[in-house]
Amino acid sequence: MRTVYLDHSATTPVAPEVIDAMTAAFRDVPGNASSVHAYGRRAKTLLEESRESLAGALGVSHEEVFFTSGGTESDNSALRGVLAATMEDGKDHLIVSVVEHHAVLAAAERLEGQGVRVTVLPVDADGLVSADSIRAAFSSRTALVSVMHANNEVGTVQPIGEIARIAHDHGAAFHTDAVQSFGKLPFDLREVSADLVSLTAHKLYGPKGIGAMVVRKGTPYRAQVVGGAQEMNRRAGTENVPLAAGFAKAVSIASVQRMADATAQEALRERLLALIRRSYPNILVNGHPTTRLHHILSVSFPWDDYAIDGEALIAGMDLRGVAVTSGSACTSGTLQASHVLMAMGRDERTARATVRFSLGRSTTEDDIDYAAEALQEVVRMAKGRGAR
Ligand SMILES: Cc1ncc(COP(=O)(O)O)c(C=O)c1O
């Protein structure tokens with residue numbers, strides 16, 4: 001059976017050059033980067049080169065970047081690390097948006113249980129946070145604002161430059177989860193003054209299990225993984241040097257390919273949308289019409305027109321070899337309607353009847369045509385059969 005992978009927002013395949021870089025590191029650089037002997041020094045050199053290259057791509061100093069196990073750890077650490085450092089001074093208020101990834105929302109909820117006051121900002125129908133709602137949420141106790149750069153489910157890109165400015169005007173730090181946008185959108189911290197940034201390698205053709213966190217100089221932050229002086233005392237534990245080398249390689253490829261990837265994927269996404277609309281004119285496209293990631297297409301089948309069960313959609317596509325998702329990768333598998341789509345005002349049954357296609361570097365026109373045909377068949381069979 002033909003297979004088509006259209007779930008690049010969940011994860012991307014590892015680029016061959018990245019595999020080569022990691023293989024070389026696994027084979028030739030076996031030391032522990034903390035050891036003082038030659039093996040250790042070699043590992044340390046490769047680690048620091050990887051850090052430098054990441055820092056260069058972000059426009060920050062190498063001392064401001066440390067490696068983590070991925071986006072989830074970076075998000076958790078950002079929120080907990082700042083609040084741990086500020087609570088003693090009476091700064092115990094956290095602002096997050098309702099469309100954040102669960103790695104932010106669950107960390108905020110945990111902090112709330114520990115006495116932090118949490119404000120959750122709403123979004124409009126396009127998934128955008130408004131500057132006015134942020135201004136209204138501040139108090140003299142606000143320590144941190146956390147708003148993601150681009151949303152993983154619908155692709156909406158938030159005005160993080162403006163949000164950072166507002167946070168700073170009110171004496172708060174600003175964190176952004178750039179897991180989905182890094183390597184896809186321009187992201188230069190000389191222009192966007194975010195204080196903390198979460199990143200991961202596996203969304204940009206790097207390996208799973210490594211991410212990074214930027215903490216700009218002067219930002220209040222207390223390490224959340226302790227027990228060693230690694231990563232400039234910010235994250236204890238033996239560093240995974242081969243994965244760091246793979247991450248750096250993936251970032252350097254992305255910096256060359258980014259524009260070409262964006263142009264190609266945007267054209268393919270428009271082709272897919274046109275094909276779906278031709279058969280199903282009443283579908284709703286989720287996310288901001290223009291300010292969104294170029295590779296994500298999230299469409300909902302309104303309940304009143306189609307009465308489709310979302311699960312049947314995804315299962316039907318899977319049976320035809322097409323990998324797509326109905327919500328974020330981290331929540332698929334549970335039956336809850338997406339918190340992002342609900343926050344954007346979709347009704348629950350329509351939110352469930354949603355397919356997110358996320359295109360990648362190797363996606364072709366043939367893939368798109370095949371996926372559109374598969375969707376047409378699946379919808380034809382599932383239409384009107386949703387559980388009422
Ligand atoms: C926006 C966003 N933040 C955080 C994460 C978690 O990253 P990781 O899988 O590296 O833990 C994801 C993964 O889907 C994501 O899309």
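Predicted model only: the values in this text are computed from it and were never measured. Atoms within each ligand, like the ligands themselves, are counted from 1 in listed order. What you see below is based on every heavy atom in this structure, not just the backbone, and it leaves out hydrogens, waters and symmetry mates.
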Below 4.0 angstrom from a heavy atom of [X], which ligand 1 atoms are there? Numbered from 1 as shown, please.
| X | answer |
| --- | --- |
| Met148 | 1 (C) |
| Thr200 | 10 (O) |
| Gly70 | 10 (O) |
| Thr72 | 6 (C), 7 (O), 8 (P), 11 (O) |

Inset, instruction - Under the side-chain contact (heavy atoms from CB on, under 4.5 Å) rule, what do Asp369 and Leu275 come out as? Steps first, then yes or no, please. - result: CA-CA 8 Å; Asp369 296 353; Leu275 287 170; 3.4 Å; yes
Inset, instruction - Tell me which part of Asp75 gets within contact of ligand 1: side chain, backbone, both or neither, using heavy atoms under 4.0 Å. - result: side chain
Inset, instruction - Quick one: look at Lys208 and ligand 1, take heavy-atom pairs under 4.0 Å, and tell me if it's side chain, backbone, both or neither. - result: neither
Inset, instruction - Return yes when atom CD of Glu109 has more than 12 non-hydrogen atoms of other residues, nucleotides or ligands closer than 6.0 Å, and no otherwise. - result: no
Donor-acceptor pairs under 3.5 angstrom involving side-chain atoms of residues 155-164: please list them, not counting sequence neighbours.
{"residue": "Thr156", "atom": "OG1", "partner": "Asp126", "partner atom": "O", "Å": "2.7"}
{"residue": "Thr156", "atom": "OG1", "partner": "His288", "partner atom": "N", "Å": "3.0"}
{"residue": "Gln158", "atom": "OE1", "partner": "Val129", "partner atom": "N", "Å": "3.0"}
{"residue": "Gln158", "atom": "NE2", "partner": "Gly127", "partner atom": "O", "Å": "2.8"}

Close side-chain approach of [X] to [Y], heavy-atom, < 4.5 Å:
| X | Y | answer |
| --- | --- | --- |
| Val145 | His175 | no |
| Glu153 | His339 | yes |
| Arg258 | Pro186 | yes |

Legend entry - side chain to side chain donor-acceptor pair (under 3.5 Å) partners for Asn286, two or more places apart: Ser298, Ser300, Arg346
Inset, instruction - Out of Asp177, Asn151, Val104, Thr11, indicate the one that has the non-hydrogen atom closest to atom 1 (C) of ligand 1. - result: Asp177
Inset, instruction - Give a yes/no verdict on whether any heavy atom in Glu73 is under 4.0 Å from an atom of ligand 1. - result: no
Legend entry - Ser9, any N or O under 3.5 Å of ligand 1 N or O: no
